[in-house]
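Structure, as structure tokens:
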There are 6 protein chains.
Amino acid sequence: MTTALFPGSFDPFHNGHLEVVERARSLFEGFVVAVVRNPSKREALFDVEDRLELIEACVGGGVSLVTTDTLTVEVAREVGADVIVRGVRAVSDFENELQMAQMNRQLSGIETLFVPTGTSYSFIASRLIREVARYGGDVSAFVPEPVARKMKERFGG
Amino acid sequence: MTTALFPGSFDPFHNGHLEVVERARSLFEGFVVAVVRNPSKREALFDVEDRLELIEACVGGGVSLVTTDTLTVEVAREVGADVIVRGVRAVSDFENELQMAQMNRQLSGIETLFVPTGTSYSFIASRLIREVARYGGDVSAFVPEPVARKMKERFGG
Amino acid sequence: MTTALFPGSFDPFHNGHLEVVERARSLFEGFVVAVVRNPSKREALFDVEDRLELIEACVGGGVSLVTTDTLTVEVAREVGADVIVRGVRAVSDFENELQMAQMNRQLSGIETLFVPTGTSYSFIASRLIREVARYGGDVSAFVPEPVARKMKERFGG
Amino acid sequence: MTTALFPGSFDPFHNGHLEVVERARSLFEGFVVAVVRNPSKREALFDVEDRLELIEACVGGGVSLVTTDTLTVEVAREVGADVIVRGVRAVSDFENELQMAQMNRQLSGIETLFVPTGTSYSFIASRLIREVARYGGDVSAFVPEPVARKMKERFGG
Amino acid sequence: MTTALFPGSFDPFHNGHLEVVERARSLFEGFVVAVVRNPSKREALFDVEDRLELIEACVGGGVSLVTTDTLTVEVAREVGADVIVRGVRAVSDFENELQMAQMNRQLSGIETLFVPTGTSYSFIASRLIREVARYGGDVSAFVPEPVARKMKERFGG
Amino acid sequence: MTTALFPGSFDPFHNGHLEVVERARSLFEGFVVAVVRNPSKREALFDVEDRLELIEACVGGGVSLVTTDTLTVEVAREVGADVIVRGVRAVSDFENELQMAQMNRQLSGIETLFVPTGTSYSFIASRLIREVARYGGDVSAFVPEPVARKMKERFGG
């Protein structure tokens with residue numbers, strides 16, 4: 001019985017995130033997505049409640065959802081996760097994620113596994129999507145349908 | 001019931017490899033190490049039989065061993081593996097592994113998960129160990145004890 | 001008849017930018033430099049009008065200048081550009097630029113070509129130049145003469 | 001009138017190569033593909049004549065083909081090319097290509113432009129395709145149809 | 001008589017910093033640590049005076065300490081340093097440091113030497129330590145004892 | 001009294017190597033260049049004796065020369081070096097050099113310092129120079145004058 005934790009800001013939840021869920025969920029008995037509240041980051045697109053709702057609309061069954069405003073290793077302990085999963089697309093992701101994985105292991109003994117995201121999604125970053133949406137660009141190719149609809153409501157485009 | 005496949009040349013099996021086994025084995029119900037025969041690479045240190053024996057001496061129970069001279073995705077199919085695991089230490093590893101993961105997924109649908117290896121092992125590469133051993137250098141800090149003993153028998157030092 | 005668009009903040013326009021213009025301009029029939037207004041970035045060194053004027057003083061003929069506060073793909077559409085050109089100096093540039101190129105292609109079908117900047121300019125970044133200038137350091141080795149003069153007026157040094 | 005040169009081994013010509021041709025060809029008046037004979041590399045899959053024939057079958061009109069066994073800058077001079085184009089997929093590609101671009105510029109003054117290859121092709125490398133084909137794997141997802149047919153003839157699979 | 005300058009924010013001074021001092025100090029006759037006041041960075045953990053005191057408590061003899069709020073090359077001139085030393089852990093560090101080294105050399109002729117930090121410290125970054133400490137996580141494995149004590153006083157945990 | 005060791009194949013000794021010597025020599029009391037005999041690498045351009053002679057003709061006084069066919073840490077011990085110096089130009093260099101530095105430190109306790117090579121030399125690699133020279137290209141912009149003369153004798157061009 002292994003439970004995996006997939007933490008992130010998910011602002012917004014995009015096709016690359018969805019791909020991590022779909023690829024990794026079946027490999028573990030339990031799969032928990034943790035939405036980080038992340039108060040320090042300016043300019044959130046959606047509040048945590050909206051993000052939770054959108055993820056729920058995208059991922060279907062077999063996935064639990066929690067929100068958090070503490071360290072990832074604390075969330076892992078609370079939900080009983082044995083392993084953290086993170087998507088990696090690019091070299092710059094990789095070094096950052098490697099640092100966090102090493103620190104999380106040192107802090108709590110929990111391991112991190114990296115899921116390489118598919119080539120079609122390698123250029124998707126939440127930051128770029130937020131920027132395009134703010135200028136009224138059409139981001140529907142980069143996000144699941146429920147997210148695209150919500151973004152259209154909010155930003156037009 | 002998820003089974004993981006850990007393929008490699010393991011020439012020699014070093015502390016970084018051992019660490020991948022120890023970190024990932026408990027996360028899956030089955031764990032298979034596949035030793036690639038790899039006839040094209042010149043200058044093998046140990047033949048496949050020696051490598052198998054050394055891995056067996058290092059990893060203890062809960063791990064199956066196979067040898068192979070075909071594509072990784074074929075081995076995965078034969079042993080019924082659901083996922084491939086690979087260690088990643090550094091950026092140069094990462095890009096290479098990402099390419100192979102994407103190709104293996106395209107060829108067979110099988111996913112690859114990356115295990116970040118611990119900081120103490122980030123400088124270990126089989127190639128460097130072979131080179132040091134050939135010059136009579138002492139590699140016992142980089143390989144498990146059974147491998148160190150065998151290398152001493154063969155190369156002195 | 002191919003027209004290229006070279007977008008950027010150009011705050012300030014430095015020798016690396018000038019080099020991209022000089023290398024790429026002759027390869028295309030039309031060449032447009034677009035100065036991004038970029039209101040979100042704090043601490044602009046020069047306002048957009050100054051930046052335009054300085055670029056004009058540096059690049060000579062055969063180059064059109066526009067300002068913009070929208071998405072790059074929109075500017076490309078407006079000026080009738082067939083291709084975006086961007087300078088790349090270093091690995092960290094490259095990944096970022098690759099993401100934007102892929103997103104711009106997805107948004108509009110427009111291609112991006114990368115111009116490798118010459119070795120003498122590989123360490124020049126506008127951010128570093130701004131920092132050195134603010135401390136009164138001499139940046140005249142990194143920027144064209146008209147920019148150096150303007151920076152001296154403003155910051156002394 | 002700008003002519004671009006796209007040099008490579010093309011052993012085999014794959015979808016990533018085809019993508020560079022299709023993206024860049026329309027941006028230049030002339031477009032020349034140069035197949036490097038490359039005698040030093042062991043284990044060619046196809047000889048130069050086969051490679052030429054396959055490229056011709058894949059690229060359609062508007063592209064000239066030459067073979068060469070000299071320096072790229074020499075070929076550029078001979079065919080009257082104003083610029084070299086190269087595809088870049090990944091960071092490891094990029095550094096290598098940057099070195100060659102800088103050396104070619106120093107040797108002859110000719111510029112190089114990089115074409116970022118699309119996300120669907122980012123994992124394709126001729127070396128991996130040759131390896132998969134030799135083991136009888138199916139590479140038809142990675143190469144244009146004429147190449148796939150020829151590889152099947154030669155390697156089965 | 002060669003004197004080395006080791007500049008940084010040191011907010012906080014961690015085991016990776018201490019390692020640079022211990023590795024490099026014996027190679028030079030003089031060794032100066034310069035604490036950059038860095039007013040632009042928001043959210044300092046400790047003020048400069050606290051940082052100085054903590055470094056003094058960690059490094060023992062043979063090291064001089066200064067504070068600065070100017071360019072590194074100015075400090076080097078003031079303290080008579082012949083060379084700047086900087087720790088490098090990872091690829092992302094490396095490119096940034098390379099840029100600064102090239103700019104500092106251009107500004108003043110002073111060279112920079114990079115000290116590769118040991119594998120046990122490769123995941124330590126001041127930014128991550130500040131983040132963990134703010135959430136009440138235990139950072140005592142990442143910083144020298146005097147820093148750990150001071151952080152406990154301030155943040156609990 | 002600190003002595004530095006600068007090991008390499010130096011086949012050929014190029015401007016990037018010369019730059020490391022010139023930048024680092026004055027920072028240490030002793031400076032030893034060690035030419036690695038390197039029998040395993042195919043296709044040496046010059047034999048070790050020629051390489052020694054060329055380095056001697058390029059570097060002037062204050063530098064000792066040795067040849068070696070053993071591990072770098074052994075040479076360091078024999079010549080009494082306190083530190084190894086290596087040039088780093090690019091990210092791909094850096095990771096490789098980091099691995100070797102970590103292994104050398106583990107094998108013998110000796111530190112390695114990296115000298116960032118200047119921007120004008122960042123594209124020079126012995127491998128590329130050998131390739132250009134074999135095709136009769138003019139490499140005199142990339143190597144010191146004595147090496148250029150010797151290469152002309154041997155390869156024409």
Side-chain angles (χ1 to χ4, degrees), chain C residues 1-6 16 18-32 62 72-73 76 80-123, chain D residues 1-6 16 18-32 62 72-73 76 80-123:
Chain C
M1 270 298 298
T2 307
T3 293
L5 178 75
F6 180 32
L18 182 56
E19 195 188 17
V20 171
V21 174
E22 288 177 345
R23 293 191 170 192
R25 152 168 65 179
S26 67
L27 300 172
F28 304 98
E29 280 71 30
F31 197 90
V32 183
T72 298
V73 294
D82 306 284
V83 65
I84 295 165
V85 297
R86 293 283 292 167
V88 284
R89 286 162 313 180
V91 163
S92 44
D93 281 356
F94 171 71
E95 284 220 321
N96 227 335
E97 295 290 333
L98 200 57
Q99 276 195 346
M100 285 197 294
Q102 289 169 338
M103 190 164 257
N104 284 334
R105 179 166 213 271
Q106 178 71 35
L107 285 171
S108 71
I110 199 166
E111 304 292 349
T112 300
L113 294 178
F114 295 150
V115 181
T117 59
T119 50
S120 318
Y121 304 112
S122 73
F123 59 91
Chain D
M1 269 298 297
T2 306
T3 294
L5 178 75
F6 179 32
L18 182 57
E19 194 188 17
V20 172
V21 174
E22 288 176 345
R23 294 191 171 192
R25 154 169 64 182
S26 67
L27 300 172
F28 304 99
E29 280 71 29
F31 198 90
V32 183
T72 298
V73 294
D82 307 286
V83 66
I84 296 167
V85 297
R86 294 282 292 168
V88 284
R89 285 162 314 182
V91 163
S92 43
D93 280 358
F94 170 70
E95 284 221 321
N96 228 336
E97 295 291 334
L98 199 57
Q99 277 195 346
M100 286 198 292
Q102 290 170 337
M103 191 165 256
N104 284 334
R105 179 164 214 271
Q106 176 72 36
L107 286 171
S108 71
I110 199 166
E111 303 292 350
T112 300
L113 294 177
F114 296 148
V115 181
T117 61
T119 50
S120 319
Y121 304 111
S122 72
F123 60 90

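Below, read A as the first sequence line, B as the second, and so on, with proteins coming before strands; counting in each chain starts at 1. Side chains are part of it too, since the values below use all heavy atoms of this structure and drop only hydrogens, waters and symmetry mates.
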- Sub-4.5 Å side-chain heavy-atom contact between Val88(C) and Val88(D): no
- Partner set under side chain to side chain contact (heavy atoms under 4.5 Å, CB included) for Arg105(D), not counting sequence neighbours: Arg23(C), Glu111(D)
- Task: Would you check if Phe94(D) and Leu98(C) make a side-chain contact, meaning some heavy-atom pair closer than 4.5 Å?
- Result: no
- Of the backbone (N, CA, C, O) and the side chain (C-beta and beyond), which part of Glu29(D) lies under 4.5 Å from a heavy atom of chain C, both, or neither? side chain
- Message: Can you tell me which portion of Gln106(C) sits under 4.5 Å from chain D's heavy atoms? Options are side chain, backbone, both or neither.
- Response: neither
- Criterion side-chain contact (heavy atoms from CB on, under 4.5 Å) on Leu27(D) and Leu113(C), from CA distance to verdict: CA-CA 10 Å; Leu27(D) 300 172; Leu113(C) 294 178; 4.0 Å; yes
- Message: Just to verify, what does Val32(C) make a side chain to side chain contact (heavy atoms under 4.5 Å, CB included) with, not counting sequence neighbours?
- Response: Thr3(C), Leu5(C), Ser64(C), Val66(C), Val79(C)
